[in-house]
Amino acid sequence: MLDIQFIRNDFPILSKEVYGKPLIYFDNAATTQKPRSVVERIEKAYYNVNANIHRGVHFLSQAATEAHENARKRVQRFINAASPNEVIFTRGTTEAINLVASSFTDAFMEEGDEVILSVMEHHSNIVPWQLQAARKGITIKVIPINAKGELYLDSYRELFTERTRLVSVSHMSNVLGTINPAEEIIKEAHAHNAPVLLDGAQAVPHMQVDMQGLDVDFYVFSAHKIYGPTGMGILYGKEDWLDKLPPYQGGGEMIATVSFEKTTFNELPFKFEAGTPDYIGSTGFAEALEYVDRIGIDAIAAYEHELLEYATRQLKQMEGMRIFGEAAHKGAVISFLLKDTHHYDMGMLLDRLGIAVRTGHHCAQPLMKELGIEGTVRASFSFYNTKEEIDQFIAGVERVAGMF
């Protein structure tokens, strides 16, 4: 059992008032709030070990380098990667996907080769592949979904041809909450000699992930969605794949030798980390993972599922309620529309009650088109949320509905 009130004390922003109402923060799928320890770790790093890393021989540089590389090892342990060389620091999930899309296409794809996505993808896992389609002529294939928001696995299997080079799908949908069957997706792709990239931005904060257990080839996620700082993300890649991929960017740090005749590249993981990294952000990221581990990811998952079921039961009792995404395996996200109330109106009026939700297409316009809607209201939960907050949210939704 989690002591939620004790946990909430670690998040000062949760005591804030909005329009004279206590803040109820249900926009965790967009970004999570930060515990005090993460902010303190960042402050401590700036005030005590701030120096550029890897290239300095002086004390501060050595200390900052050690903290940064220890953060890499902390990520490695958290996701059970085989080696810290498989952990690449990026600016976030979006940059990590762009890195794979660019480097993998350059190295392994020709005109007419295929990548498989799904209809529920975030724009960050669609647009990079479209850029490669325009640049190199690759073909994008799309896995459809059923009425519950689950992938049609039979249709997925039928998409493979001898030209299929890679599968890139979300581990958990940011709109539907669907937790996709990663093991089956990976097994099928590997049977066709195609590697798999999983977008884990939504999954990592809510469930245990195991790179070696999944046998996934590439996995990406962001620090700010798991209680860490913004501007930090992770690309996990199997070492043999990362060795074969060309660099994504050029500059300092990613080189071994440079002359005007030829440049040779650095070893992993530095080959993909051009320029000065966010060595302060990485220490904050490491503390965020420490914080999650102290609470326990299994306890977090169980409690958030309890919140999801509690909120879903009450929303379903409302006349005219439509919930989008009712998969058998689902994370703590509810996207809905109520009668003819526009999602923007609902979100704006809930905000006046101190309740923060997300409205719109959630960077998933192809999914909205598939659902036949323009957008939804999305409430997404974290372990620092409470059933009492959900009760106030339900009352707020009913109040707004009454206005229309």
Using the rule given for side chain to side chain contact (heavy atoms under 4.5 Å, CB included), can you reason through Val175 versus Met368, listing the C-alpha separation, both sets of side-chain angles and the distance that settles it, and then say yes or no?
CA-CA 9 Å; Val175 177; Met368 295 298 132; 3.6 Å; yes
Spacing of [atom1] belonging to [X] relative to [atom2] belonging to [Y], to within rounding of 0.5 Å:
X	Y	atom1	atom2	answer
His68	Ile53	NE2	CD1	4.0 Å
Thr139	Met109	OG1	CE	8.0 Å
Phe89	Ile234	CZ	CD1	4.5 Å
Ser380	Glu304	OG	CD	10.0 Å
Thr376	Leu367	OG1	CG	9.0 Å
Lys244	Ser103	NZ	OG	13.5 Å

[X] side-chain N/O to [Y] backbone N/O, donor-acceptor pair under 3.5 Å:
X	Y	value
Asn180	Ala182	no
Lys34	His224	yes
His342	Tyr344	yes
Lys238	Glu86	no
Thr178	Ser173	no
Arg74	Ser282	no
Ser61	Asn52	yes
Lys316	Ile323	no
Arg41	Ile280	no
Tyr227	Pro205	no

More than 12 foreign heavy atoms under 6.0 Å from [atom1] of [X]: is that the case here?
X	atom1	answer
Glu374	CD	no
Lys73	NZ	no
Glu110	CD	no
His54	NE2	yes
Tyr46	OH	no
Arg399	CZ	no
Lys369	NZ	no
Asp340	CG	no

Measuring only between side-chain heavy atoms, which start at C-beta, is [X] closer than 4.5 Å to [Y]?
X	Y	result
Ile295	Phe383	yes
Leu197	Asp217	no
Glu183	Leu214	yes
Phe160	Glu188	yes
Arg8	Thr386	yes
Ile97	Thr93	yes
Lys225	Val204	no
Asn28	Tyr384	yes

Decide side chain to side chain contact (heavy atoms under 4.5 Å, CB included) for Thr90 and Phe272; before the verdict, give the C-alpha distance in whole Å, the side-chain angles of both, and the deciding distance to 0.1 Å.
CA-CA 9 Å; Thr90 68; Phe272 294 103; over 6 Å; no
Using a strict 4.0 Å threshold on nitrogen-to-oxygen distance, state whether [X] and [Y] make a salt bridge.
X	Y	value
Glu287	Lys44	no
Glu69	Arg72	yes
Arg55	Glu253	yes
Glu309	Lys330	no

Checking Leu198 against Val169 for the side chain to side chain contact (heavy atoms under 4.5 Å, CB included) test, could you report, in this order, the C-alpha distance in whole Å, the side-chain angles of both residues, the deciding distance, and whether it holds?
CA-CA 5 Å; Leu198 288 181; Val169 297; 3.7 Å; yes
Please determine whether side chain to side chain donor-acceptor pair (under 3.5 Å) holds for the pair His122 and Ser170, giving the CA-CA distance in whole Å, both sets of side-chain angles, and the decisive distance to 0.1 Å.
CA-CA 8 Å; His122 190 281; Ser170 59; over 6 Å; no
Who pairs with Glu158 by side-chain hydrogen bond (donor to acceptor under 3.5 Å, both in side chains), at least two apart in sequence or on another chain?
none
Determine whether the aromatic ring centres of [X] and [Y] lie less than 6.0 Å apart.
X	Y	answer
Tyr236	Phe78	no
His206	His171	no
Phe393	Phe26	yes

Donor-acceptor pair between Thr65 and Gln62 side chains, under 3.5 angstrom:
no
Indicate whether the side chain of Asp391 and that of Tyr310 have a donor and an acceptor atom separated by less than 3.5 Å.
yes
Set out, in order, the CA-CA distance, both residues' side-chain angles and the distance that settles side chain to side chain donor-acceptor pair (under 3.5 Å) for Asn174 and Gln202, then state yes or no.
CA-CA 6 Å; Asn174 72 308; Gln202 298 297 327; 5.8 Å; no
